Amino acid sequence: MMRRVRKKEDIGFEEVAQHFRVPINIAAKELKIGVTLLKQRCRELNIPRWPCRKLKSLDALIKNVQELAATGQVEEEQRKATVEMLEEERRKMENKPIMDIEDNTKVLRQACFKANYRRKRLFISMQASD
């Protein structure tokens, strides 16, 4: 029985884009090609870096904003606008993975990180005083 060897030229942007949410080694397995061939094809399609981590970062940021809104630290209207902006950025990233995360998103990510850090520190100090 002969196995059909898949050529990298047979893989288009749309097919590659369907796998952006998983690490590149898993995407290569799902596409039934090697990681090296996938990386080569990505370069040919103007995808210099695999966008999985950027997309996961945006997803985590959306989740953080929603959690902060649930605790009352962010108003509902502000939460909606922020989540909409982040989802739009995620859609752009999926269509054009060469794009960097926008500066205002980086600032928001830093602010969420600090808020989560303070909340954890407060929780730990409250446990230590018990």
Side-chain angles (χ1 to χ4, degrees):
M1 187 163 107
M2 201 168 153
R3 247 176 84 181
R4 182 175 176 259
V5 177
R6 190 158 189 198
K7 296 179 183 176
K8 66 179 180 180
E9 292 80 21
D10 295 341
I11 301 170
F13 180 83
E14 293 79 23
E15 191 173 2
V16 172
Q18 292 174 359
H19 301 277
F20 282 165
R21 295 205 169 271
V22 296
I24 194 165
N25 57 339
I26 295 172
K29 282 182 187 176
E30 290 175 359
L31 290 167
K32 296 183 173 85
I33 60 171
V35 175
T36 303
L37 282 178
L38 180 55
K39 285 182 178 183
Q40 288 173 353
R41 186 60 181 152
C42 284
R43 285 187 212 109
E44 291 169 3
L45 295 170
N46 294 322
I47 305 169
R49 293 181 57 93
W50 193 249
C52 173
R53 292 181 66 178
K54 286 182 187 177
L55 293 172
K56 285 190 186 287
S57 175
L58 287 172
D59 289 340
L61 190 53
I62 290 169
K63 184 180 173 193
N64 278 338
V65 168
Q66 290 171 336
E67 286 174 358
L68 288 174
T71 61
Q73 295 177 13
V74 178
E75 291 183 25
E76 182 62 24
E77 194 172 302
Q78 186 181 8
R79 181 200 64 83
K80 267 186 181 178
T82 304
V83 169
E84 248 177 56
M85 176 203 61
L86 292 170
E87 287 175 345
E88 178 62 27
E89 187 168 353
R90 184 177 60 201
R91 280 190 290 279
K92 287 179 187 176
M93 182 85 54
E94 289 170 341
N95 292 326
K96 191 178 177 186
I98 196 168
M99 185 179 117
D100 278 338
I101 291 178
E102 294 179 14
D103 289 339
N104 58 348
T105 304
K106 289 177 183 176
V107 169
L108 179 62
R109 183 173 55 187
Q110 182 70 25
C112 284
F113 178 81
K114 283 182 179 180
N116 287 334
Y117 176 77
R118 286 185 188 122
R119 189 173 56 206
K120 286 177 187 175
R121 215 170 82 197
L122 178 65
F123 181 73
I124 290 170
S125 68
M126 287 173 56
Q127 281 185 330
S129 65
D130 287 342

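Scope of the values below: all heavy atoms of this structure, side chains included, with no hydrogens, waters or symmetry mates. For clarity, every value in this text was computed on a predicted model and none was experimentally measured.
- A salt bridge does not link K80 with E77: none of the charged nitrogens is closer than 4.0 Å to a carboxylate oxygen.
- Taking CG from L86 and CG from N104, the interatomic distance works out to 8.5 Å, rounded to the nearest 0.5 Å.
- Around atom CD of E75, no more than 12 heavy atoms belonging to other residues, nucleotides or ligands sit under 6.0 Å away.
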> Given H19 and I26, is the side-chain contact (heavy atoms from CB on, under 4.5 Å) satisfied, shown in steps?
Replying inline: CA-CA 9 Å; H19 301 277; I26 295 172; over 6 Å; no
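- The residues E44 and R41 are annotated as salt-bridged, a charged nitrogen and a carboxylate oxygen being separated by less than 4.0 angstrom.
- Residues I11 and L37 are not in side-chain contact: their nearest non-hydrogen atoms beyond the backbone lie 4.5 Å or more apart.
- Nearest heavy atoms, F20 versus L55: CB-CD1, 3.6 Å.
- Counting all heavy atoms, side chain and backbone alike, N46 lies closest to I98 at O-CB, 4.1 Å.
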>> Could you go through K56 and C52, starting from their C-alpha distance and side-chain angles, then the distance that decides it, and tell me whether this counts as side-chain contact (heavy atoms from CB on, under 4.5 Å)?
In response: CA-CA 6 Å; K56 285 190 186 287; C52 173; 3.6 Å; yes
> Taking it one step at a time, do E87 and R91 satisfy side-chain contact (heavy atoms from CB on, under 4.5 Å)?
Replying inline: CA-CA 6 Å; E87 287 175 345; R91 280 190 290 279; 3.9 Å; yes
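- Of all heavy-atom pairs between E15 and D10, the closest is OE1-O, 4.0 Å.
- Here the shortest heavy-atom pairing between K54 and M99 reads NZ-O, 3.0 Å.
- For the atom pair NZ (K96) and CD1 (I47), the distance works out to 12.5 Å, reported to the nearest 0.5 Å.
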> Run the side-chain contact (heavy atoms from CB on, under 4.5 Å) check on C112 and L61 step by step: do they pass?
Replying inline: CA-CA 8 Å; C112 284; L61 190 53; 3.8 Å; yes
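- Annotation: the span from T105 atom OG1 to L58 atom CG amounts to 6.5 Å, rounded to 0.5 Å.
- Under the 4.0 Å criterion applied to side-chain N and carboxylate O atoms, R79 and E76 are assigned as salt-bridge partners.
- Residue E102 holds its CD atom at 7.5 Å from CE of M85, rounded to the nearest 0.5 Å.
- When the side chains of ILVMFWY residues are joined at heavy-atom separations under 4.5 Å, either directly or via intervening members, V22 and I33 end up in two distinct hydrophobic clusters.
- Counting only distance, with no hydrogens or angles, the side chain of W50 and the backbone of K39 share no donor-acceptor pair below 3.5 Å.
- In this structure, T82 contributes its side chain and Q78 its backbone to a donor-acceptor pair below 3.5 Å.
- Taking CG from L38 and CG from L31, the interatomic distance works out to 6.0 Å, rounded to the nearest 0.5 Å.
- Nearest approach of D59 to R21, heavy atoms of both residues: OD2-NH1, 2.7 Å.
- In this structure, CD on E89 lies 7.5 Å from NZ on K92, to the nearest 0.5 angstrom.
- Side-chain contact between R109 and K106 is present, with at least one heavy-atom pair separated by less than 4.5 Å.
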